[in-house]
Amino acid sequence: MKTLLQSINYYFSLNNINHCLYLYYCMIILAIIFIINRYIYFSNYRNNSYIKIKSSISLGPNQKIIIIDLKKVTLVLGVISKKMIVLHRFDNKKFDSKKEIQKQIKYNEKNL
């Protein structure tokens, strides 16, 4: 039975330095293509989801409370075996100026 080097030498005749370099370059090109394909594949599925589960807690065998963060809304969901109920909804507003922040603080103080 031939060894691996003997079979490679038979097909590529590695006695000539040009053939050896050709094989070496082909292997490098294939490795680079493999790495690029893996990077493209994993970059498509990384951090592109609009739904992120922030937290969850199990209350019983078929009962959970889950906090889900969407782009503009944060939801608190109650989940049982056959349905989901929205318990609370938070709007993810970003305030642009100090005046808006102060208005929001005063509004919250009045409602307390």
Side-chain angles (χ1 to χ4, degrees):
M1 179 178 271
K2 294 182 179 179
T3 63
L4 180 63
L5 290 175
Q6 289 174 343
S7 60
I8 291 173
N9 192 14
Y10 176 77
Y11 288 109
F12 291 102
S13 76
L14 297 178
N15 296 332
N16 191 350
I17 194 70
N18 290 334
H19 292 292
C20 186
L21 288 176
Y22 174 73
L23 180 63
Y24 179 71
Y25 290 140
C26 287
M27 291 177 71
I28 288 176
I29 290 171
L30 288 174
I32 290 171
I33 290 171
F34 177 76
I35 291 170
I36 289 172
N37 283 338
R38 287 301 238 180
Y39 177 75
I40 290 171
Y41 175 75
F42 285 119
S43 67
N44 288 338
Y45 294 104
R46 186 180 60 221
N47 295 331
N48 286 340
S49 65
Y50 297 111
I51 300 173
K52 294 181 183 176
I53 298 175
K54 290 288 188 178
S55 178
S56 72
I57 186 167
S58 179
L59 301 175
N62 294 328
Q63 303 167 349
K64 283 186 182 180
I65 294 178
I66 300 174
I67 299 174
I68 295 178
D69 189 24
L70 304 172
K71 268 195 166 180
K72 297 181 181 180
V73 178
T74 300
L75 298 174
V76 178
L77 300 174
V79 180
I80 58 175
S81 61
K82 293 189 179 180
K83 63 179 171 178
M84 294 182 358
I85 303 166
V86 177
L87 300 176
H88 195 73
R89 176 183 175 158
F90 298 101
D91 292 328
N92 296 338
K93 266 191 168 178
K94 293 186 178 177
F95 301 106
D96 295 331
S97 66
K98 290 182 181 179
K99 290 180 182 179
E100 291 183 26
I101 294 172
Q102 290 173 352
K103 285 180 186 177
Q104 186 67 28
I105 290 172
K106 288 179 184 177
Y107 178 76
N108 288 339
E109 287 175 354
K110 287 179 185 177
N111 290 337
L112 291 176

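All values below come from the heavy atoms of this structure, side chains included, with hydrogens, waters and symmetry mates left out. We number each residue from 1, following the sequence as shown.
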Can you sort out the partners of Lys54 under salt bridge (Lys or Arg N to Asp or Glu O under 4.0 Å), two or more places apart, ordered by chain and number?
Asp69
Cluster question for you: counting only ILVMFWY and a side-chain heavy-atom cut-off of under 4.5 Å, with indirect links fine, are Ile65 and Ile53 together?
no
Should Val76 and Val86 count as side-chain neighbours, where that means a heavy-atom distance under 4.5 Å?
no
In residues 56-64, what donor-acceptor pairs under 3.5 Å come from side-chain atoms, sequence neighbours left out?
residue, atom, partner, partner atom, Å
Ser58, OG, Gly60, O, 3.1

Who passes side-chain contact (heavy atoms from CB on, under 4.5 Å) against Ile28, sequence neighbours left out?
Tyr24, Ile32
From the options Leu87, Ile66, Leu70, Ile67, select the one residue that forms a side-chain contact (heavy atoms from CB on, under 4.5 Å) with Leu75.
Leu70
Other than Ile29, which residues form its hydrophobic cluster under the rule that side-chain heavy atoms must be closer than 4.5 Å?
Ile33
ring-ring contact (aromatic ring centres under 6.0 Å, His included): pairs with one or both residues in residues 68-91, sequence neighbours excluded:
His88-Phe90
Working to the nearest 0.5 angstrom, can you tell me the gap between Ile51 CD1 and Ile68 CD1?
6.5 Å
By the salt bridge (charged side-chain N to carboxylate O under 4.0 Å, His left out) test, which pairs, at least two apart or in different chains, include something from residues 20-35?
none
